[in-house]
Engineer: 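Here it is, the structure, as structure tokens.
Every heavy atom of this structure was used, including side-chain atoms; hydrogens, water molecules and symmetry mates were not.
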Amino acid sequence: MRKKKFILHEIVTYRYIVVLALLGFPIGALVGLLEVIFGKGLDLVTSLRLSNPILYIPFLPLAGLIIAFVYKKWGGKCNKGMGIIFLAAEKEERRIPWRNIPLLMVSSWLTHLCGGSAGREGVAVQLGATLSYGLGKKLPTLGGNTIRQILIVSGIAAGFAGLFQTPFAAIFFALELLAAGRLKYRALLPIITADMTSYFVARYFGLKKLWAPIKSGLEFFEPTLILKLAILGIIFGIAGAVFAWSLVHTKVFLAKKIKDPLARALSVGIFIAGATLLLWQGRYSGFGTNLTMAALTGGEVFAWDWALKLILTVLTLSAGFQGGELTPIFAIGSSLGCIIAGAFGLPPQFVAAMGFSAMFGAATNTVLAPVFIGIECFGIDNIYFFIIVCTVAFIFNFGQTIYPLQKRLR
């Protein structure tokens with residue numbers, strides 16, 4: 001009897017999966033369009049700030065005050081950030097408010113306009129998950145925790161693929177995110193349909209990925225090279241762990257020391273704005289793409305770039321400003337890699353690419369997603385290098401993650 005019920009449950013579940021896979025096409029299209037609006041808005045405010053950083057950066061404390069006020073008055077459950085996505089996936093939260101979408105988009109635009117050091121992927125995946133989960137809940141027959149998780153991971157993949165234009169990395173990021181160490185293969189078909197649809201829609205409307213093919217000229221099957229790659233993996237794993245630990249604990253520390261979110265955003269915002277203006281008038285503002293491209297193309301990279309970007313990103317996100325962590329992580333990892341490359345006798349651009357990918361995995365506690373983002377951004381010729389560095393970085397991040405509610409199964 002128990003076996004019969006199990007079989008019936010599996011049949012019903014897979015029937016829902018087919019339905020969700022078909023729904024992935026319209027959901028992916030809508031998520032893709034949403035990411036286009038968000039991404040184009042980010043490009044606009046970033047170009048405005050870059051045109052005159054001295055004009056916009058002094059308004060960062062005011063932007064923080066506005067963001068904190070809006071979230072305090074109308075945020076509600078949205079104040080949990082990525083936490084609400086994890087809670088909804090585990091059925092501990094039954095609703096992701098629709099207002100999460102405009103709150104995230106507008107507050108992120110404000111943060112970037114005024115020079116906060118933040119990224120975009122945290123917002124991208126929340127937008128995707130909020131939209132896919134909200135639309136799915138409108139369908140009365142789609143209930144249950146498994147279906148709920150599939151809707152959310154499909155939205156996460158669609159959000160990541162649309163904005164970053166790396167669809168294969170997005171698939172594995174979504175599969176690994178909710179529980180590090182376990183892949184939700186049951187969700188694979190709906191993830192693929194939503195992911196690829198969002199990718200093509202966003203691409204059609206002009207969103208582009210970072211593409212910097214690396215031709216290292218290195219012979220993989222050299223024992224000394226493999227040893228060097230393993231050591232690099234340890235370094236990037238520890239760096240990712242430091243970033244994740246610092247972000248999680250700084251948020252807690254500032255929340256205890258400055259209990260009023262308005263006072264916290266204002267006071268820390270004043271410090272960030274002052275430091276940002278003093279440090280080359282905005283070199284460490286925004287995504288950090290300037291640092292990433294400098295590291296990957298032979299531009300000027302200072303020995304302290306990675307550390308200052310790390311500190312300012314942690315402070316920006318801990319103070320209550322909105323944005324993601326990954327693009328700053330890319331900047332931190334690539335600039336760190338560029339600086340330490342000489343000690344290993346390796347090309348700076350090559351080690352920068354390794355840092356770009358491996359530190360992403362170490363900070364998010366994922367291993368396949370960073371390998372695929374490395375392949376999609378720097379070329380498949382480097383696949384063996386990415387596998388070694390990202391795997392070792394994953395092992396040596398000591399289980400740290402920027403997502404406190406992420407389950408760890410290792």
Engineer: Does Glu376 reach the main-chain N or O of Phe168 with its side chain, forming a donor-acceptor pair under 3.5 Å?
Structural biologist: yes

Engineer: Thr197 side chain to Ala194 main-chain N or O, any donor-acceptor pair under 3.5 Å?
Structural biologist: no

Engineer: Please lay out, stage by stage, how Trp280 and Phe302 fare under the test ring pair (Phe, Tyr, Trp, His ring centres under 6.0 Å).
Structural biologist: CA-CA 12 Å; Trp280 297 274; Phe302 301 136; 5.3 Å; yes

Engineer: So, taking the atom named OH in Tyr284 and the one named CG in Leu312, what distance separates them when rounded to the nearest 0.5 Å?
Structural biologist: 8.5 Å

Engineer: Go through Phe350 and Phe385 one step at a time and tell me if the ring pair (Phe, Tyr, Trp, His ring centres under 6.0 Å) criterion holds.
Structural biologist: CA-CA 10 Å; Phe350 170 78; Phe385 306 127; 5.1 Å; yes

Engineer: Atom CG of Leu163 and atom CG of Leu34: how far apart are they, to the nearest 0.5 Å?
Structural biologist: 10.0 Å

Engineer: Are Phe396 and Phe236 an aromatic pair, judged by ring center distance below 6.0 Å?
Structural biologist: no

Engineer: Using the six-membered ring wherever Trp is involved, compare the ring planes of Phe173 and Phe160 and label them parallel, tilted or perpendicular (cut-offs 30° and 60°).
Structural biologist: tilted

Engineer: Let me know which of Phe386, Phe394, Phe330 forms a ring-ring contact (aromatic ring centres under 6.0 Å, His included) with Phe360.
Structural biologist: Phe330

Engineer: Just by distance, do the side chain of Ser51 and the backbone of Leu48 share a donor-acceptor pair under 3.5 Å?
Structural biologist: yes

Engineer: Is a donor on one side and an acceptor on the other found under 3.5 Å between the side chain of Gln165 and the backbone of Gly162?
Structural biologist: yes

Engineer: Kindly compute the distance separating CE (Met359) from CG (Asn397), expressed to the nearest 0.5 Å.
Structural biologist: 11.0 Å

Engineer: Supply the atom-to-atom distance Leu23 CG to Leu151 CG, rounded to the nearest 0.5 angstrom.
Structural biologist: 8.0 Å

Engineer: Verify the neighbour count for atom CZ of Arg203: are there more than 12 heavy atoms of other residues, nucleotides or ligands below 6.0 Å?
Structural biologist: no

Engineer: Look up atom CG in Leu210 and atom CZ in Phe356, then write down how far apart they are to the nearest 0.5 Å.
Structural biologist: 5.0 Å

Engineer: Counting only heavy atoms not in Phe59 (residues, nucleotides, ligands), do more than 12 fall under 6.0 Å from its CZ?
Structural biologist: no

Engineer: Verify, without hydrogens or angle tests, whether Thr366 (side chain) and Ala362 (backbone) share a donor-acceptor contact under 3.5 angstrom.
Structural biologist: no

Engineer: Distance to the ring centre below 6.0 angstrom and angle to the axis at most 45 degrees; does that hold for Arg120 and Phe164?
Structural biologist: yes

Engineer: Examine distances only and state if a side-chain atom of Gln322 and a backbone atom of Ser107 form a donor-acceptor pair shorter than 3.5 Å.
Structural biologist: no

Engineer: Could you verify whether a donor N or O on one side chain and an acceptor N or O on the other, from Lys309 and Ser117, lie under 3.5 Å apart?
Structural biologist: yes

Engineer: Treating Ser108 as the side-chain partner and Leu104 as the backbone partner, does any N or O pair qualify as donor plus acceptor under 3.5 Å?
Structural biologist: yes

Engineer: Answer with yes or no whether the side chains of Gln406 and Thr401 bring together a donor and an acceptor at under 3.5 Å.
Structural biologist: yes

Engineer: As a test of understanding, state which of Ile270, Val268, Ile66 forms a side chain to side chain contact (heavy atoms under 4.5 Å, CB included) with Pro61.
Structural biologist: Ile270

Engineer: Under 3.5 Å, is there a donor on one side chain and an acceptor on the other for Tyr403 and Asn365?
Structural biologist: no

